[in-house]
Amino acid sequence: MFVHLHMHTPFSFLDGVSPINGLVQRAAEMNMPVLAMTDHNSLSGAVQFHRACHQAGIKPIIGAEVTVEGGHHLTLLAKNRQGYANLCQLLTAAHLGNERGYPKAAERMLREYTEDIIALSGCWHSDVFSLAYQRRYQQAEAATKKYRDIFGQHNFYIELQETFYPRQHATNKALAEIAQKLPVPVVASGNIHYVDKSMFRIQDVLTCVRTLTTVDEPHPQRKINAEFYFKSPQQMEELFFWVPQALDNTVQIAEQCQDYELTNDKYLPRFDTSGQSPIQLLRHLTYKGAQQRYKRLNAKIKSRLEYELGIIEQLGFADYFLVVWDVAREARQRGVRYAGRGSAADSAVAYCLYITDVDAVARNLSFERFINPERGNNLPDIDIDFDARYRDDIAEYVTEKYGEDRVATVCTFQTYHARGAIRDIAKALGFPPEEIDRLARIMPYISANNIDEAFEIFPELRDSQLPIYKYRQLFDLCSQAAGLPRHIGTHLGGVIISGQPLNTISPLQQAAKGCRIIQFDKVDVEDLHLLKLDLLCLRMLSAVQDTITSTPKQLDFNSIPLDDKPTYSLLNSAETAGAFQLESPAQRNLQSRLQADNIEDIVASVALIRPGPIKGNMVEPFLARRHGQEPVTYVDPRLEDILKDTYGIVLFQEQVIEIAVKIAGFTPGEADQLRRALTHHRDKGQMQAIGKDFIRKAIQRGCPREVAETIFSYIEGYAGYGFCEAHAAAFGDTGYKTAYLLTHYPAHFYAALLSNQPMGYFPAHTLINEAQRRGIKVLGPDVNCSQAHFTVQNDAIRVGLKQVKEMPKALLDRIVKGQPYEDLLQFMRQIRPPVNVAQNLALCGALDRFDANRRRVLWQVSVHRPARQPQLNLQQAAELANIEDFTDQQKCCYEWDILGFSPSWHPLQFVRPELSDAGVLTIQQVKRRRPSGTAKVAGLLIRPHRPPTRSGRTVVFFTLEDETGLLDVTVFENIYEQYGKEIFTSSLLLVEGRLDPRGTPAMIAYYASSLS
Amino acid sequence: MRRLPLDVCPVRGGRQPEQVLVRGCWRRVENVVDHWRETGRWWKGESLRDFFLVETNRGDLVVSKGQASWRVERLID
């Protein structure tokens, strides 16, 4: 018998290369009853490993290969939950007590956290082995004694590995002698890094990635052979025939280790309720908020609140709600703009606590979509968007309130997709950087194991003329790296609050941005029943706040009227670039056809332009029924109650749940499973199984088979991603209100959007162009007039100095503080900008006020440097007088390079005469030519993308921008096949096509050519 | 330690070397001191080889065995 006690999963980043399921499956195939995982200084794989082992009927042992002083390795295994907690604490100390990325467990740390830990002396990189390898046997013996002293006589083993390394066997024999002499038990291990020998190559390449080397460079961490695979007990017995007790001891260790649960109810934090019970306080706060929200509480509201409070109490979630209420209250008190989103808006209690702004009672939203009583103690998700600038302040408040030891951020794992895999692996294989860049840039966002196939499918790859025969080995290695985690990262919003110190639940480590992260991602956190708050950044809220504070009239965003006719006119005109959630080509097209006149239309449109409803072909029937062009009918009269507000169309997740409950008698729990199956893109088999169940139960409840099948086809058509109504209502509300700002305060709103880039659908240059098209003057940067951000000055937008490339913040502050400057000399003397910044200021026009000749200013700031040499000699003066300015086209190019746009010229202006000669129309001319006919048009290419379609065929959408406006273009598959390369590799495109008579001005292309 | 031309010396043996031909003379392997395995420059098409440090009746050698052939790698003077 033999048990593997030293195994690396992919969470030994860029070292372990076999997925956890594959490793566990191999153990199951070999009838191994126990298996251990020991990643480098990490327990990130623990939850997955625990789950996979239990599914396979294997007892998991959780451990880690810990780096100790001197960079040596030590293998530690947790005997039980206490041992696991100690391992977490040890790893936390090793991470937080050292430079980020270089964890190291000091001896005192080892001594502190030894309880219920078994230690093995470690691999080739351990001090015990390396000393013995160097024939320093006395020191090896001393090191062994030290560890025996730390971990105890029966908890420390000398680890023997047979991986066919030079002098390894002889060293093992020496170690066995030391073990016998002391005495210390020996144990055999496989040091597994992959399931099969065939994965050696990818392991080697990823080691090169990790060590920043190429395959042609030797590195001590690279393995010399393929012997780190999952060996069978028989193979291990053959290798260790000379020391059978080392095999027996694996079993003895496995027997000492218990199987235990990683979850614990005590993980939930308790809110300080000052003596009241949490539910009492929650009830009090809910009713207090309800009085403010509703003024009069009718029976319907009371009954809904009681229902929700009852479930919250039953599931023990009162503390959770109080924690979130407290966060929202703190944000309000600090004046930080926030908005609750997601399914939390299905809760009337959340509405009364001012966590969300969607009235769940008025909208009759389903609370079960948020908290399902049958989901047991699975905590619901509450997501709150904050003004992006202050989100970290709120997170800090949470940390201060609950303690640094109980709050941390959720981690993420960046996994390999095609582009990243190509960049890393090609570099390790020694490809030249330019070649790597060319290859990676052209790659669409696809899995790393589909690259070969992608060269057949995607025209931009197929027609790229890249010599793919050169890349066979590269693509093969990429496919082996597909999905492997590359490194640990920080989740953008997820904050964990725990009822007990987090370092007993997960190791903590420092993130690049300074906060502490746990080593589990959001999926693992859910499995551990840890309380996660999503405190997210939403730059649109920053833009809203900036708009409101910059307008002369104080606006109350929350009180913006929802029936403002000019706002609906703007929405109907589809000129909504910049409006939250309502600016994409698909949305603008929908708006122009929908002709919305109330907020419910906006909520529906937010939900309609989602993969689920689009693939379910719900857009056209919705529009036809909304306009009375098609009767609203129901295959079953019971559907009327559920679908009447959406004209008989299944638009929201809540409706799916209600249909399943009403028609097929699903319990709320079963219905929720159906929703999860729909929203998580489960496989067809699972959908078919649920469909059969639905139809069977519907028939049992008296529904004719054909009707049941038709109803399920509605649900099935919805498969993919769709919004819940609560989320759509929250986003719809914000979307409408930003459209209101765009309507009534366009200059202020555009300035705010531009100040908070990157955000939204369109890049800054498009927003500038749209503002100008609407008659708003955009003034270039000026060292005397510009602030840091974009501002509104005399109804014009003034570009901020922060936009200038390479501008340091301290310098920016100094420039703004020192305004105004009399002349260039004073500016240069007072500010003393670095040459690169001074040149950028000159080239983007920020110094125009001193001299409109930018080339002359450039000469002065870079060659002459007036701050150093105020007087020119005669020759210099003569040269200066004769300097010819840049052409407008050159100035435009410099402005694009330095600012990302040109406030003065659109690039298309300079080629317009030639384009006109070639019969190319401006976008404005095209719009006048509608509703039919054909046209040629040219413009900057914005966001070409291929969303999912119902037919599964590829349709490409993009927007063209010229100096007169925007034109949305659709490219169907046959045309994409011909011109895909041009569309996905050009920045400036000429398109010929026929004009689409429906909705916003748009074109269906039949020809495309690059003008880049 | 000298490195020999790769095509010089055949080796006789099964899983382990038994006799090695060096400069026209067969040396008898008396002891296999060490055995290790290297994958080589796989990205250039090289395949796995087993290496043996052996004591012969006339000095020490490193020999290697690939998929199809034996090779003397190093002659240790």
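We name chains A, B, ... by the order of the sequence lines, and we start the count at 1 in each one.
Shown here is B/Glu46, whose CD atom has more than 12 heavy atoms of other residues, nucleotides or ligands within 6.0 Å.
Residues A/Arg222 and B/Thr39 form no side-chain contact, since every pair of their non-hydrogen atoms from C-beta on lies 4.5 Å or further apart. For the pair B/Trp43/A/Val205, no side-chain contact is recorded, criterion being any heavy-atom separation below 4.5 Å from C-beta on.
Of the two parts of A/Asp216, the backbone and the side chain both hold a non-hydrogen atom closer than 4.5 Å to a non-hydrogen atom of chain B.
Residue with the most contacts toward chain B among A/Lys197, A/Lys223, A/Gln473: A/Gln473 (heavy-atom pairs, distance under 4.5 Å). Ranked by heavy-atom pairs under 4.5 Å with chain B, the list A/His169, A/Arg167, A/Arg201, A/Glu227 is led by A/Arg201.
Distance OH/A/Tyr165 to CD/B/Glu38: 9.0 Å, rounded to 0.5 Å. Of the inter-residue distances, the one linking B/Trp36 atom CH2 with A/Ile224 atom CD1 reads 8.5 Å to the nearest 0.5 angstrom.
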